[in-house]
Amino acid sequence: MSNDVIAFVQARQGEVKRTNLEAVSEGARLAAGLGGRCVAVVMGSGAAEAARRMGRHGAARAIAVDEPAVHDYNGDVYGRTLAEIARARDPRAVVLSATAAGKDLAPRVAARLQAGYAADCTGVELREGRIVARRPVYAGKAIAEVGFESPVAVLSLRPNNFEVREVEGEARSRPHPRSPRACAPTSSSSGRAGAPPPI
Amino acid sequence: MHIVVLIKRVPDTASKITIAADGRTIETAGLQFVLNPYDEFAIEAALQLKEQVGAGTVTVMTLGPAEAAQTLRSALAMGADRGVHLEHEQQLGDPYAIARTLATAIQGLAPPADLVLAGRQAVDSQSLAVGPMVASLLELPCVTDVTRLERQPEGKLRVEREVEGGHEVLLVEPPALLTTNKGLNEPRYASLKGIMAAKKKPIEEPAVPIAPALSAILRLEYPPARQGGRIVGEGAAAVPELVRLLREEAKVL
């Protein structure tokens with residue numbers, strides 16, 4: 001097992017929403033505490049271009065998946081692809097921003113990795129080398145501290161609760177080696193209305 | 001057509017939550033429990049599909065303590081045909097263990113499920129996880145947060161879901177799993193006839209092993225007390241500061 005942390009990033013025409021950078025920054029902070037590295041997995045259109053910028057937020061490496069099958073978000077495709085990439089690196093954690101897509105994706109990845117999952121975390125810390133997540137439950141009437149029994153934990157991070165770090169450096173970026181094989185969709189998108197450009 | 005609906009018994013959202021003496025669970029004595037509201041949309045969708053096809057079975061399945069049988073009865077009273085109760089003395093908190101156990105139980109069903117429906121989230125644990133996890137474990141195509149569902153003549157399902165700033169339309173070929181969101185339908189109330197009929201409907205208790213938990217709640221605490229309001233300034237001049245505070249302090253933007 002590595003001590004690496006995978007941070008998921010969704011790209012649209014090379015643009016990345018700020019909340020994804022929170023995931024990379026928090027992934028890097030967590031990886032540093034665990035003695036590993038943060039690997040950003042960037043999926044979507046213009047992923048390669050976006051991947052090169054992830055070093056600025058602490059990613060030691062970035063893996064880009066940019067092909068038609070991932071240009072629009074599809075949970076089935078993203079779930080299988082991200083789980084496959086993560087499994088190959090045997091990380092301690094996979095972190096995602098709990099955006100609409102992130103909340104859809106995270107449990108799929110957790111199921112495929114046989115990982116404990118904490119959704120919509122408002123805090124993450126290391127306690128004696130173990131990951132502990134904080135998350136609201138009961139409609140915010142209580143806060144739970146969650147610990148993990150599985151070797152890998154999947155964490156979705158509540159947007160705007162984690163800092164975006166700016167550091168010097170560039171992630172060593174490469175396309176996903178078997179990238180063209182991104183898993184085929186099992187449901188097909190037949191249209192999309194009114195999706196705004198990413199912020 | 002065999003439609004399986006995953007349901008959960010949850011504390012009523014209007015109820016006051018008290019942390020139990022163990023510091024890790026909530027006090028359940030005196031707490032009002034209900035059928036998870038998002039699951040009502042799933043049950044209603046299943047009943048409508050069955051009515052549309054004119055044949056089929058709607059099975060409702062839950063994992064929970066003995067009292068969860070009551071939740072199954074409410075679903076049977078709405079019109080579901082058959083209940084499956086995976087009994088566990090405590091409500092499991094780990095999404096993976098719940099999904100793994102449900103997936104095993106779904107695999108054991110006869111006839112096999114053509115469609116699995118679940119609420120998008122349980123209002124207590126609010127992980128939004130069990131539906132997509134079950135789908136991934138069973139390798140079923142999965143669409144979450146469905147707000148519109150139509151069965152096409154050849155059997156494919158046309159579904160719509162809200163996404164950030166728009167909505168998506170997808171075609172799904174069963175067997176598949178969908179999670180239901182608010183706005184999909186108006187769940188029906190159980191009729192008196194339905195309530196009477198539900199008493200005679202079967203609730204099975206198959207011997208399915210409860211999967212081990214991969215995460216655990218170490219501690220529960222109350223959220224920090226709400227702070228008083230603050231006047232940032234007056235007129236348009238105060239807007240930049242207000243935006244900054246909303247973004248950086250309140251973290252709502």
Side-chain angles (χ1 to χ4, degrees), chain A residues 17 72-76 79-80 83 98-101 103-112 114-120 127 132-150 153 156 158-161 185-198, chain B residues 11 13 16-17 19 24 26 93-96 99-100 103 121 123-137 139-145 157-159 162-173 176 212-224 247 251-253:
Chain A
K17 280 190 184 175
D72 280 323
Y73 177 80
N74 177 299
D76 292 335
R80 270 177 284 158
T99 56
K103 284 186 212 167
D104 177 86
L105 176 58
R108 299 170 188 259
V109 173
R112 290 177 186 280
Q114 283 191 42
Y117 172 47
D120 211 22
R127 220 173 274 167
V132 177
R134 286 171 65 82
R135 57 181 302 265
V137 288
Y138 301 107
K141 285 182 251 181
I143 312 282
E145 273 186 9
V146 180
F148 299 91
E149 301 295 330
S150 50
S156 67
R158 175 170 282 199
N160 304 315
N161 273 256
T186 46
S187 53
S188 61
S189 181
S190 68
R192 189 187 178 88
Chain B
T13 47
K16 187 178 183 302
I17 296 297
I19 297 169
R24 291 186 292 118
I26 57 163
D94 174 49
Y96 183 89
R100 178 74 266 174
Q121 68 177 99
V123 295
D124 54 353
S125 47
Q126 55 194 60
S127 289
L128 297 85
V130 168
M133 276 189 164
V134 168
S136 299
L137 294 170
E139 292 293 348
L140 291 174
C142 171
V143 181
T144 59
D145 301 354
L157 301 171
R158 182 185 179 282
V159 301
E162 306 297 319
V163 293
E164 277 156 15
H167 66 274
E168 270 180 345
V169 183
L170 297 110
L171 278 179
V172 191
E173 196 166 346
L214 302 184
S215 70
I217 292 181
L218 308 174
R219 205 162 73 89
L220 276 180
E221 62 187 44
Y222 295 108
R247 191 189 291 278
K251 302 190 177 188
V252 290
L253 289 184

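In what follows, chains are A, B, ... by sequence order, proteins preceding strands, each numbered from 1.
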Non-hydrogen atoms of chain A under 4.5 Å away: do they reach the side chain of [X], the backbone, both or neither?
| X | answer |
| --- | --- |
| Pro212(B) | neither |
| Ala213(B) | backbone |
| Pro95(B) | side chain |

Task: Minimum-distance pair of heavy atoms, taken over all atoms of Phe148(A) and Ser215(B) - done: CD2-CB, 3.9 Å
Open item on the list: Tell me the closest heavy-atom pair linking Pro132(B) and Pro107(A), and the distance in Å.
Closed with: CG-CG, 3.6 Å
Task: Most chain B-contacting option - heavy-atom pairs closer than 4.5 Å, from Ala153(A), Ala115(A), Ala101(A), Ala133(A) - done: Ala115(A)
TODO: Select, from Gly147(A), Ser150(A), Gly140(A), the one with the greatest count of heavy-atom pairs under 4.5 Å involving chain B.
DONE: Gly147(A)
TODO: Below 4.5 Å from any heavy atom of chain B, which atoms of Val132(A) appear? Answer side chain, backbone, both or neither.
DONE: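 The answer is the side chain of Val132(A).
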Open item on the list: Between Thr99(A) and chain B, with a heavy-atom cut-off of 4.5 Å, which part of the residue counts as in contact: side chain, backbone, both or neither?
Closed with: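 Both parts, backbone and side chain.
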- [ ] Supply the atom-to-atom distance Asp120(A) CG to Leu128(B) CG, rounded to the nearest 0.5 angstrom.
- [x] 8.0 Å
Task: Distance (rounded to the nearest 0.5 Å) between Tyr117(A) OH and Met133(B) CE - done: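 That separation rounds to 7.5 Å.
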Task: Side chain proximity check, Arg135(A) to Gln126(B), heavy atoms < 4.5 angstrom - done: yes
TODO: Ignoring hydrogens and angles, tell me if any N or O in the side chain of Asp76(A) forms a donor-acceptor pair with the backbone of Cys142(B) under 3.5 Å.
DONE: yes
- [ ] Might you work through the side-chain contact (heavy atoms from CB on, under 4.5 Å) test for Ile26(B) and Lys141(A), ending with a clear yes or no?
- [x] CA-CA 11 Å; Ile26(B) 57 163; Lys141(A) 285 182 251 181; over 6 Å; no
TODO: Not counting sequence neighbours, which residues clear side-chain contact (heavy atoms from CB on, under 4.5 Å) with Arg247(B)? List them please.
DONE: Leu253(B)
TODO: Pick whichever of Leu157(B), Leu220(B), Leu218(B), Leu214(B) has the most heavy-atom pairs under 4.5 Å with chain A.
DONE: Leu214(B)
